[in-house]
There are 2 protein chains.
Amino acid sequence: MEAANSHLNGPGGEVLTAGPLEVRLDQRTVLADGRGLVLTVREFHLLAVLASRPERVVSREEIYDLVWGGKMPVHDRSVDVYVSKLRHKLEASIPHWSYIQTHIGFGYCFSPRSLAA
Amino acid sequence: MEAANSHLNGPGGEVLTAGPLEVRLDQRTVLADGRGLVLTVREFHLLAVLASRPERVVSREEIYDLVWGGKMPVHDRSVDVYVSKLRHKLEASIPHWSYIQTHIGFGYCFSPRSLAA
DNA sequence: TCCTGCTGTAAAAGAGTTGTGAACGACGCT
DNA sequence: AGCGTCGTTCACAACTCTTTTACAGCAGGA
């Protein structure tokens with residue numbers, strides 16, 4: 001069972017679905033429980049990178065390369081800061097769901113799960 | 001009959017399997033009975049080193065060199081401590097299986113076996 | 001049996017990592 | 001210019017991981 005579904009939605013229009021979250025790559029929009037979620041460019045890009053690799057642990061370095069481009073400077077915290085921002089927006093729109101897991105010393109993993117009892 | 005299977009799983013994706021244990025080197029994840037097992041960086045590295053040498057007795061010195069890097073300091077107990085931690089996590093996730101055998105005076109050996117009657 | 005050396009492991013100590021609010025500059029808009 | 005937004009950086013608290021230490025239990029040998 002995969003945690004997120006990805007399917008083509010017409011020519012070039014890909015949509016990632018994970019619980020109440022829907023990421024429309026082509027339209028650069030995100031739906032949370034059907035309502036639109038406003039993300040900045042960086043936030044959206046980060047979410048797209050993570051959500052398209054469900055259940056995969058992605059290193060900070062790889063995330064940085066994919067979103068910011070190039071080699072991550074030592075001691076750079078950009079990835080962490082944006083993961084934090086993203087988590088807050090997701091949690092604000094979709095309570096009782098967790099999306100991004102931290103893998104200490106390595107990176108993050110997009111692993112959607114309901115926190116409902 | 002080999003104790004652990006190792007096979008390529010697509011380009012660059014290697015997976016070690018030993019009973020209900022699955023070590024996904026590329027994804028840096030471990031599945032125990034299908035469920036994800038959370039390991040720290042050191043624990044994962046140690047497991048990867050041992051599991052990729054099934055039925056081979058590996059000396060402490062070699063383990064240290066492969067996981068910690070460099071020459072093992074005299075009287076260092078790091079390897080023992082981490083083998084202990086790893087055993088506990090494995091046993092907690094996969095009861096009735098034994099994975100790491102001690103070879104007194106020498107080192108350890110990854111030798112998965114079911115303890116079921 | 002009494003040493004001695006080795007292993008298992010809990011716990012303390014030390015080192016490193018992550019979450020996050022706040023400050024700051026750049027940019028665009030009115 | 002004044003304002004709001006965005007991205008980056010910094011600082012600090014809180015937390016997790018790693019290493020070290022200490023001790024108990026074993027096994028083997030004299």
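Everything numeric here is computed off the predicted structure, so don't read it as measured data. Just so it is clear: chains get the letters A, B, ... in the order the sequence lines come, proteins before strands, and each one is counted from 1.
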Visitor: For the side chain of A:Y108 and the backbone of A:I63, is there at least one donor-acceptor N/O pair under 3.5 Å apart?
Guide: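 No; judged by distance alone, with no hydrogens or angles, the pair does not exist.
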Visitor: Between A:V49 and A:L90, is there a shared hydrophobic cluster once you connect ILVMFWY residues whose side-chain heavy atoms come closer than 4.5 Å?
Guide: yes
Visitor: Does a side-chain N-to-carboxylate-O contact under 4.0 Å join B:R60 and B:D80?
Guide: yes
Visitor: So, is B:T102 close to the C:dG8 phosphate, meaning a side-chain N or O under 4.0 Å from OP1 or OP2?
Guide: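 Yes.
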Visitor: If you compare every side-chain N and O of A:R60 against the phosphate oxygens of C:dT18 (OP1, OP2), does one of them come in below 4.0 Å?
Guide: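 Checking A:R60 against C:dT18: at least one side-chain N or O falls below 4.0 Å of OP1 or OP2.
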Visitor: How would you summarise protein contacts on nucleotides 14-30 of chain D per nucleotide, using B for base, S for sugar-phosphate only and - for none, with heavy-atom distances below 4.0 Å?
Guide: --SSBBB-B--------
Visitor: I want to check one thing: is the phosphate of C:dG8, taken as OP1 and OP2, less than 4.0 Å away from some side-chain N or O of B:S84?
Guide: no
Visitor: How about A:T17 and A:E22: does a side-chain donor come under 3.5 Å of a side-chain acceptor?
Guide: no
Visitor: Please report the distance, rounded to the nearest Å, between CG in A:D80 and P in D:dA11.
Guide: 16 Å
Visitor: Are any of the side-chain heavy atoms of A:L86 and A:L39 separated by less than 4.5 Å?
Guide: yes
Visitor: Angle class for the A:Y82/A:W68 ring planes (parallel below 30°, perpendicular above 60°, tilted otherwise)?
Guide: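 The arrangement is perpendicular - the two ring planes meet at more than 60°.
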Visitor: How many Å lie between CE on B:M72 and C1' on C:dT7, as a whole number?
Guide: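 Atom CE in B:M72 sits about 13 Å away from atom C1' in C:dT7.
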Visitor: Atom CD of A:E91 to atom P of C:dG19: distance rounded to whole Å?
Guide: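 Those two atoms, CD and P, are 13 Å apart.
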